[in-house]
Amino acid sequence: MSQLLAGKHAVVLGVLNKWSIAYAIASAFTREGASLFLTYQNEKQKQTVEEFGSELKAAAVIQCDVTKQEDIARLTGELRNAAPVIDAVVHSIAFANKEDLSRPYLETSRDGYLLAQEVSAYSLVSVARALAPLMAKGGSITTLTYLGSSRVLPNYNVMGVAKAALEASVRYLAHDLGPSNIRVNAISAGPIKTASARGIKDFSKILDGVAATAPLRRNTDPAEVADTAVFLASDLGRGVTGNVVFVDAGFQIMGIGGTAL
Ligand code: NAP
């Protein structure tokens, strides 16, 4: 079969380690022939992400803390110099204070609320605004979300509220960027054991509950999320925008049992 992303230039933000959903996506993009750009937040992750960059034959690995406007501007400049156009952007970034993911949502501090919103939701807006001008031939922007945006899932708390803002941002950005033929979508992944997920209290209970309840009776494999990201970034996804696509073994359709988790 021919490669679905041959000739496309793709930026993937959010690779931290081999367990990151962004790593699975970056690997699938390489498999499908994309020319890849990876980012890392700061010096601490530089070496690891550069190693992933050489493994995945990335065109460049660029530092970008999405809370810093100057970093986003530098990323944009480096991409403009390195690629004729950008065709696909994957935003796989989120952060909340650990204590806000283990106590009642009622206790969320103003600072904790604003931090989660800034890193996990507003960053999609600032990245899209900066990179859309490089997407001269149109393209695809994809972010990662979770069911906690619309259902109450114990301990997801402030991150659920940030994901609600993220999903609403997907719809508004899809409307703004549609005339430029830039599509904006979210993938709502089932729970996956990653560094971020480990910050959520009792996360392993969520994994067990989903495996017992989901229609497919198992958890989500990051490779399944990655293949959906390939579809959205490819020409096969050309009619899809403003959507939240669930890749969760079907868990989100469940009522009793589902919402209790
Ligand atoms: P992960 O490997 O920990 O990835 C999260 C990434 O966000 C890390 O690379 C992290 O980098 C980055 N990040 C945080 N603050 C940043 C900042 N200021 N600037 C730049 N990067 C920053 O965990 P993951 O589970 O793959 O998460 C990826 C996305 O999938 C997130 O949006 C998450 O909410 C979503 N998601 C995860 C699950 C799940 O169960 N795992 C389910 C549905 C959706 P640093 O560590 O260097 O800060």
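Since the structure is predicted, the reported quantities are computational estimates derived from the model, not experimental observations. If you read the sequence from its start, that first residue is 1, and numbering goes on from there. Counting convention: from 1, in listed order, for ligands and their atoms alike.
Among the atoms of Ile21, some N or O lies under 3.5 angstrom from an N or O of ligand 1. Between Val66 and ligand 1, a contact under 3.5 Å exists for at least one N or O pair.
In Val119, the part holding a heavy atom less than 4.0 Å from any atom of ligand 1 is the side chain. Here Val15 has backbone heavy atoms under 4.0 Å from ligand 1, and that is the only part of it that gets that close. Residue contacts with ligand 1 for Leu13 are absent, since no atom lies close enough (heavy atoms, distance under 4.0 Å). Proximity of Leu16 to ligand 1, defined as any heavy-atom pair under 4.0 Å, is shared by backbone and side chain alike.
With ligand atoms numbered from 1 in the order given, ligand 1 contributes 4 (O), 6 (C), 8 (C), 9 (O) to contacts under 4.0 Å with heavy atoms of Gly14. With ligand atoms numbered from 1 in the order given, ligand 1 contributes 17 (C), 18 (N), 19 (N) to contacts under 4.0 Å with heavy atoms of Asp65. For ligand 1, the atoms lying closer than 4.0 Å to a non-hydrogen atom of Ser196 are 1 (P), 3 (O), 4 (O), 5 (C), 23 (O). Set against the non-hydrogen atoms of Ser20, the atoms of ligand 1 under 4.0 Å away are 1 (P), 2 (O), 26 (O). Each of the atoms 19 (N), 20 (C) of ligand 1 lies under 4.0 Å from some heavy atom of Cys64. Taking every non-hydrogen atom of Gly190 and a distance limit under 4.0 Å, the qualifying atoms of ligand 1 come out as 40 (O), 42 (C). Below 4.0 Å from some heavy atom of Phe203 lie the following atoms of ligand 1, by number and element: 40 (O). The distance from ligand 1 to the heavy atoms of Gln45 drops below 4.0 Å at these ligand atoms: 47 (O).
Donor-acceptor pairing under 3.5 Å is lacking for the side chains of Ser109 and Asp111. Checked by atom type, the side-chain pair Asn42/Gln63 shows no donor-acceptor distance below 3.5 Å. Residues His91 and Ser123 have side chains that bring a donor and an acceptor to within less than 3.5 angstrom of each other.
Of the protein's heavy atoms, Ile93 CG2, 3.8 Å lies nearest to atom 13 (N) of ligand 1.
Of the charged side-chain nitrogens involved, none lies within less than 4.0 Å of a carboxylate oxygen, so that Lys163 and Glu167 do not count as a salt-bridged pair. For Glu51 and Lys46, the salt-bridge test fails: no basic side-chain N is under 4.0 Å from an acidic carboxylate O. A salt bridge links Glu55 with Lys18: the closest approach of a Lys/Arg side-chain nitrogen to an acidic carboxylate oxygen falls below 4.0 angstrom. A salt bridge does not link Arg74 to Asp65: none of the charged side-chain nitrogens sits closer than 4.0 Å to a carboxylate oxygen. Between Arg31 and Asp227 there is a salt bridge, since a side-chain N of the basic residue sits under 4.0 Å from a carboxylate O of the acidic one.
Heavy-atom separations between Lys163 and ligand 1 include at least one value shorter than 4.0 Å. Proximity of Ser123 to ligand 1 is not established, as no heavy-atom distance is less than 4.0 Å.
Looking at Ala24, Ala94, Ser188 and measuring to atom 31 (C) of ligand 1, the nearest heavy atom belongs to Ala94. For atom 25 (O) of ligand 1, the candidate residues are Val12, Thr194, Ile206; the nearest heavy-atom contact is made by Thr194. Closest heavy-atom approach to atom 43 (C) of ligand 1 among the candidates Thr145, Leu144, Ile192, Val247: Thr145.
For atom 10 (C) of ligand 1, no protein non-hydrogen atom is found at a distance below 4.0 Å.
Ring pair Tyr23/Phe52 is tilted by interplanar angle, where 30° to 60° counts as tilted.
Under the 4.5 Å side-chain contact rule for hydrophobic residues, Ile21 and Leu56 share a cluster.
Considering all non-hydrogen atoms of both residues, Ile62 and Phe37 come closest at CD1-CD2, 4.4 Å.
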